[in-house]
Protein chains: 2
Amino acid sequence: MTATVREVAKRAGVSAMTVSRVINGGVGVRPATRGRVEQAIADLDFFPNRIARGLTSSKTGAIGLIVPDLVNPFFTVVLRGAEMVARRAGYRVLLCNTESDLTLERSYIEDMMSHRVEGLIVAPVNDNSRLNLSPLMRRGLPFVLIDRGVPGVDSDLVQADSAAGARRLMQHLTKIGHRRIAFIIGSDDVSTTRERARGYREGLAAAGISVEADLVIQTTVDRIGGYRAMQQILRLESRPTAVFAVNNMTAMGAMETIREAGLSVPQDIALVCFDDVEHLAVLSPFMTVVDQPAEKFGTLAVQLLLERIGGRAGERSRLVVLQPELIVRHSCGVQFRTSRSRSSGAPGVA
Amino acid sequence: MTATVREVAKRAGVSAMTVSRVINGGVGVRPATRGRVEQAIADLDFFPNRIARGLTSSKTGAIGLIVPDLVNPFFTVVLRGAEMVARRAGYRVLLCNTESDLTLERSYIEDMMSHRVEGLIVAPVNDNSRLNLSPLMRRGLPFVLIDRGVPGVDSDLVQADSAAGARRLMQHLTKIGHRRIAFIIGSDDVSTTRERARGYREGLAAAGISVEADLVIQTTVDRIGGYRAMQQILRLESRPTAVFAVNNMTAMGAMETIREAGLSVPQDIALVCFDDVEHLAVLSPFMTVVDQPAEKFGTLAVQLLLERIGGRAGERSRLVVLQPELIVRHSCGVQFRTSRSRSSGAPGVA
DNA sequence: TTGTAAGCGTTATCAC
DNA sequence: GTGATAACGCTTACAA
C-alpha cells in the first residue's frame, strides 16, 4: 500500500538506516545524500509507518484522554486545551468517551495500554474507578487525574476547588436575600459532588441557615436528571426561592422543567450552577455560575503528564487546585455587571 | 514494561502461537491448554501489544475522524455517533481537530496515514481541502466526506440538503410576514455556505422578494464573526426585521450583539439559524432553527467507511443526503408548538 | 491441536 | 557519514 524505508533506500542508493536518519531530522547525513533520499521519498510518496516505529522505540508519541461525557462542553474545552499542548510537544491525543460507564472505562483503559500510549489523562467516572486505574499503577504507566480525585489512588491530580466555588455561590445567594436554596446533586461517590455539597453546607452555615433535607435532591448528573430533580422541587409545598444545580447539564434540564411549568428565571425562581456553558451562555437568561477554567484542566494535565513521561517529575504526586470564579449574571435575581468580557463584553475582543 | 506473548508462552509451557490463538478468541485450542494460557496471562498481567499486531496484520483497528471545530456541538455529536458505531465494530476513532486550518488539516491527514488508520472520515475545511485529500486518493485509502463536499473529489459523501433547509427557513419567515431578511454568511469556498446561500435566494424569490446586497453579510463562521456581522446589520439605516445566521456559532455571536444593544429577540428583531444547539437550546429565547441530524452524520459515515474498508462497497462513490428539519420556536416571532419532544417536551422522555 | 520459521517496517547498536 | 545486523512483539503460513 505504501513504500517502506528499504524501498526508499534502494531508490536513493543508500541503506535503510540513512533513510531513517533523514526522516528523523537528518542529523549526521551529508546534504547531498540527504537530498537524494528526500527525492526518493517524494518519488515514492513515502510516509513513515509510525506503528513500526513505536514497536522498536516504544515511543509511540501518543497519550490517551479519557472523559466521562464528551457532549458536555466542559470536557470538550478540556480536550481542546489538551490537544493543543500535546500537539506542540509532538504528541497525539487518543480520545475515549466513557459515557460514565465503569465497564467502558475499564475497557478503554485496557485499550490504551494495548495501544501503548505513553501516558494517560483520566477524568474518572467515580470512586469505583480505582479498580480500573489499578492496572496503570501496577505497571507504572504515568497518568494524571483531572476534575475528580479517586480515594486510594495516589497520582497527579488537577482539580478545581469545588467546595470554595459552592461556598461562593451560596454566599452570593444568601447575600441577596435567598434563604431557602435547593441543591440538585449527583451521586455521592464522585469527589466533586462531595466537595460541592460541603461548600453548600458551609456556605449556608456561614449565613446561619441550616440544611433542609427536603431541598437536597439527588439525581443523575445529566440533563434528564436535572429535569426530574426540578420537577420534584416544584412539587414541594413550600417552594425554595433559589436552586443550585451541581453542574451545567443538570442546570439545563432544570431550565427545561421551569419553562414547561410556565415559570421564569429569575422572577419565579433563581437558578445557578457550576460550569460556564461558554459560548452558549449568550442565550438569556444569563446564568450566574461558578466557572471552572476548563481549558487549563487540559493544558496543565498534559504538562504534568509530559513531565512525568520525560522523567522530570519526581516520585511525589502533585496536586494542582484551580480556583473557580463566580460570575454573577441574571439568573440569580440581581442585575450585576461583572468585569468579565465573557459576560458583558464581546466574545474574545477587547 | 509489560510481558510478551513469548513470556506468557513460556510460563504456560506452550508456544507463542498458542498464546496468540488464545488472545484472539481461542478457536482450535484445547480447553485445558487454553486455561493454562489464561492463567499465565493473568499471572503476568499481560496486555497484547496492538502496535505489534498492527504491524503484521495491517489491521490496525483504527479509523480517523477529522473535523474543523470540536467545540461546535454539531461536531461533538457527530463524534459521539461515529464512536458508537465504530466501537461496536471493534474499531477505535482517532480524533483530529483542524480548527479550520488547512495546514493543520494536511498534517493531520499525513499523521493518520502514518498511523496506518484503515480509513478516514473528514469534514473538510473548504474547497482547498482537495489538495490535502489527494494523498488519500493516490494511495486508495478509503475515506468518507461529511457535511461538506469538495469539488474535484470523488468520494462517499454524507451531507444535509442545505439548500432545502434554507428554503424552508425563508419560506417560514416570509409566510409570517418578514420581507427584509438579512443573511450572515461564511466564506464562499465551503459547499454548505454556497448551498445555504442558494436556498436563501430561492426562498426569497419564491416569495417574490429580491436579494438586497446590503443584507448579505459575509464573515467568519464562528461566534466572533456572527457578533461583528450583527453589529454591521444593526448599523444599517433601514434595519431588517429578521436575520438568518448560517450556523449555530454565528447565531450565538449575533445574539450577543443584540443583547448588548439592549434589543431583544424576537420583539425587536427575529433570528433563525442552521443547526440546533441541542441540549443548550433550552435557554430562551428558543431558537427557530433548521436542525441537522448530527449523530446520523457520524453513524452513517462510519457505516459507509467500514463497508468500503471491508471491500463491500463497489467502485462508485455514494452520496447520502439527509433532510434537515425546520423547528419553529420563538425566535422568529411566532409562538408555535411543534411535535418535537426536544422543543416542547422532556429531554429524551416520552 | 500445537509448533516452527519467517517477516511486518522501523530503529539501536556497533562497525567501518 | 554510512551501513550491516539484530531486534521490537506479534501473526501468517505451513508443518507436525
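Here the structure is a predicted model, which is why all the values come from computation and not from measurement. Scope of the values below: all heavy atoms of this structure, side chains included, with no hydrogens, waters or symmetry mates. Every chain is numbered from 1, with letters handed out A, B, ... down the list of sequences.
Atom CE of A:Met17 is separated from atom P of C:dA15 by 15 Å (rounded to the nearest Å). When rounded to the nearest whole Å, the span between CZ of B:Arg50 and P of C:dG9 equals 20 Å. Rounded to an integer number of Å, the gap from A:Asn49 CG to D:dC10 C1' is 14 Å. In this entry the distance linking CZ of A:Arg36 with C1' of D:dG3 reads 13 Å, nearest Å. Between the C1' atom of C:dT10 and the CG atom of A:Leu55 lies a distance of 8 Å, rounded to the nearest Å. Protein atom CD1 of A:Ile51 is 15 Å distant from nucleotide atom P of D:dG9, rounded to whole Å. The distance between atom CZ of B:Arg21 and atom C1' of D:dT11, rounded to the nearest whole Å, is 10 Å. Atom P of nucleotide D:dA4 and atom CZ of A:Arg6 are separated by 11 Å, given to the nearest angstrom.
Contact check on A:Glu110 versus A:Arg106 returns a salt bridge, with a Lys/Arg side-chain nitrogen under 4.0 Å from an Asp/Glu carboxylate oxygen. With respect to B:Glu38 and B:Arg34, a salt bridge is recorded, a charged nitrogen being found less than 4.0 Å from a carboxylate O.
The shortest distance between the side-chain N/O atoms of B:Ser20 and the OP1/OP2 oxygens of D:dT11 is below 4.0 Å. For C:dT11, the OP1/OP2 oxygens have a side-chain nitrogen or oxygen of A:Asn24 closer than 4.0 Å. Checking the phosphate oxygens (OP1, OP2) of C:dT10, no side-chain nitrogen or oxygen of A:Ser57 falls inside 4.0 Å. At the phosphate of D:dA4, neither OP1 nor OP2 sits under 4.0 Å from any side-chain N or O atom of A:Ser15.
Checking B:Gly28 against B:Thr56, the closest nucleotide of DNA chain C that is more toward the 5' end is the one next to B:Gly28. Both B:Ala16 and A:Thr33 lie near DNA chain D, and the one whose nearest nucleotide falls closer to the 5' end is A:Thr33.
One finds the CG atom of A:Leu133 at 7.5 Å from the OG atom of A:Ser155 (value rounded to the nearest 0.5 Å). Here CZ of A:Arg316 is found 10.5 Å from CG of A:Asp156. Values are rounded to the nearest 0.5 Å.
Counting any heavy atom pair closer than 4.0 Å across all strands shown, A:Val5 reaches a base atom.
Taking 3.5 Å as the limit, the base of C:dG9 and the side chain of B:Arg116 contain no donor-acceptor pair of atoms between them. If you check distances only, the side chain of B:Arg30 never reaches the base of C:dT2 with a donor-acceptor pair under 3.5 Å.
No side-chain donor-acceptor contact under 3.5 Å links A:Glu105 to the backbone of A:Asn132.
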